[in-house]
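Working notes, beginning with the structure itself.
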Amino acid sequence: MIGSDFSDYFTEPVKARAGYRKAFADGFVRDYPLAIRHAAGHVAEVLYNATVYRDEAGEVQGVFAAARDVTDQRRSEHILEFENHALAIISGNPPLPAILEILCHGIEDILEGTLCSILLLDDDGVHLRHGAAPSLPDEYNRAIDGIAIGSAVGSCGTAAFTSRQTIVSDIAHSPLWEGFNELALFHDLLSCWSMPIYSATGDVLGTIAVYRQITYMPMPFDLQVTNRTSHLASIAIQRSRAAQELKRLNETLELRVVEEVGKNMEHERLLIQQSRLAAMGEMIGNIAHQWRQPLNALGLLLANIKDAYHYNELNETYMDESVATGRRL
């Protein structure tokens, strides 16, 4: 790295140079947003911090710099926005297919290059029915609508049958996709992972699947997004079914059954409330993380003052500069 251009490590060299000039002009730069492109090609968002160190004569002696990766934080914020948006829509009681389509688009927006599908388990507990798959070919959706679940019926049929997450990184060579791989490959679907959608009592309501048009092993973040979206789908499905049940009960005027459905609706309201509380907890964690950096810098400043006193280097100029830096922090 010796002799290389600092700015070339970032996706926006001009912006990086501007931040570096700001550090020398002000003596420091804090939480300057940049992005680093890794050798493998992916981009990491960072907050860049730098402090210029000078001697008593004011000459620059060096710069301490650190770039903190906030990619996961930005992703978490994106998921949080998506969840809040989805919960607000679900609370408005739109038709279930519309909600499921919004959830599919949400996954595809967060996980670039993916195609999402939601299938619903039929009342017979054996067959999967089309729920939503706005980006998959209609021909493919029609072909898998009504498939019977089993121990080796693609990713979704297997996930619903086993009640477990099913990951297939290479559809062409997976035994789980025998009998279905030609259909998938014809539509350029090369990998797929699927998660069951559970009810509040642990019953399988359906599956949520994410396809890619490349062979691919999902990363933890991919699975996290899919899992959290499956929870939203669970709320929407249970709410829709409860609403349908309530409509039937109103038609028969059976008060006892109506009260039972009311309890189910209250339970779903608590689920939504718990989701919001969990999202708020994650936001608070991010805020606490932001506080630690200036507090650490302030601790380092105090340690420097103590060392200066110990080595008889503490003078009025040093103290004034330290006080000014402390106030900025």
Side-chain angles (χ1 to χ4, degrees), residues 9-12 15-16 18-19 22 29-38 40-50 65-92 94 98-116 118 132 134-135 165 193 195 197 208-210 212 216 218-236 269-297 329:
Y9 294 101
F10 300 93
T11 59
E12 299 177 272
K15 183 178 179 181
K22 178 177 174 59
V29 66
R30 297 286 180 267
D31 290 339
Y32 193 81
L34 292 170
I36 297 176
R37 184 175 301 280
H38 290 251
H42 66 278
V43 174
E45 295 185 57
V46 301
L47 293 179
Y48 185 76
N49 294 270
R68 177 162 53 86
D69 191 336
V70 294
T71 305
D72 289 342
Q73 178 181 328
R74 294 288 185 261
R75 285 175 169 177
S76 296
E77 292 170 354
H78 196 172
I79 296 176
L80 181 59
E81 292 174 359
F82 165 58
E83 286 178 331
N84 288 336
H85 175 65
L87 288 171
I89 293 175
I90 292 172
S91 298
I99 298 176
L100 299 183
E101 185 166 318
I102 288 172
L103 296 181
C104 286
H105 282 308
I107 284 186
E108 294 167 354
D109 182 42
I110 296 173
L111 303 178
E112 186 178 354
T114 61
L115 307 170
C116 180
I118 296 178
S135 300
Q165 170 184 288
W193 64 89
M195 290 185 179
I197 300 172
I208 182 166
V210 181
R212 291 189 71 100
Y216 181 79
M219 304 295 288
F221 179 73
D222 299 321
L223 301 178
Q224 177 191 4
V225 172
T226 310
N227 182 59
R228 290 171 69 164
T229 307
S230 73
H231 180 62
L232 295 172
S234 172
I235 295 173
R269 186 190 67 78
L270 292 175
L271 285 176
I272 294 176
Q273 184 179 10
Q274 291 170 359
S275 296
R276 287 174 172 166
L277 289 174
M280 182 63 70
E282 184 174 349
M283 180 180 293
I284 291 173
N286 288 335
I287 293 173
H289 183 76
Q290 293 290 338
W291 271 96
R292 283 193 286 271
Q293 181 172 316
L295 291 177
N296 289 338
L329 291 172

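This is a predicted model, so every value here is computed, not measured.
- Within the model, atoms CG of Leu80 and OG of Ser275 stand 11.0 Å from one another, a figure rounded to the nearest 0.5 Å.
- Heavy atoms only, all atoms of each residue included: Leu100 and Ile118 are closest at O-CD1, 3.8 Å.
- Within the model, atoms CD of Gln73 and CE of Met283 stand 10.5 Å from one another, a figure rounded to the nearest 0.5 Å.
- How far CD1 of Ile79 is from CZ of Phe221: 4.0 Å, rounded to the nearest 0.5 Å.
- Contact annotation: the side chain of Leu87 approaches that of Ile235 to within less than 4.5 Å [non-hydrogen atoms, C-beta and beyond].
- Two residues are said to be in side-chain contact when any heavy atoms from C-beta on lie closer than 4.5 Å; Arg75 and Val225 fail this criterion.
- Leu111 pairs with exactly one of Leu115, Asp109, Ile107 by the side chain to side chain contact (heavy atoms under 4.5 Å, CB included) rule, that one being Ile107.
- In this structure, Asp69 and Ala44 approach most closely via the heavy-atom pair OD2-CB, 3.7 Å.
- The number of heavy atoms from other shown groups lying within 6.0 Å of NZ (Lys15) is above 12.
- When side chains are defined from C-beta on, Ile208 does not count as touching Leu103, because their heavy atoms never get closer than 4.5 Å.
- Arg74 is not listed as a side-chain neighbour of His78, based on a closest heavy-atom distance of 4.5 Å or more.
- Atom CD1 of Ile102 is separated from atom NE2 of His85 by 5.5 Å, given to the nearest 0.5 angstrom.
- Using a 4.5 Å heavy-atom threshold, the side chains of Asn227 and Gln165 count as separate.
- Side-chain contact between Tyr216 and Val210 is absent, with no heavy atoms from C-beta onward closer than 4.5 Å.
- Looking at heavy atoms from C-beta onward, Thr229 lies in side-chain contact with Phe82 at the 4.5 angstrom threshold.
- Taking the side chain as every heavy atom from C-beta outward, Arg276 and Met280 never approach each other to under 4.5 Å.
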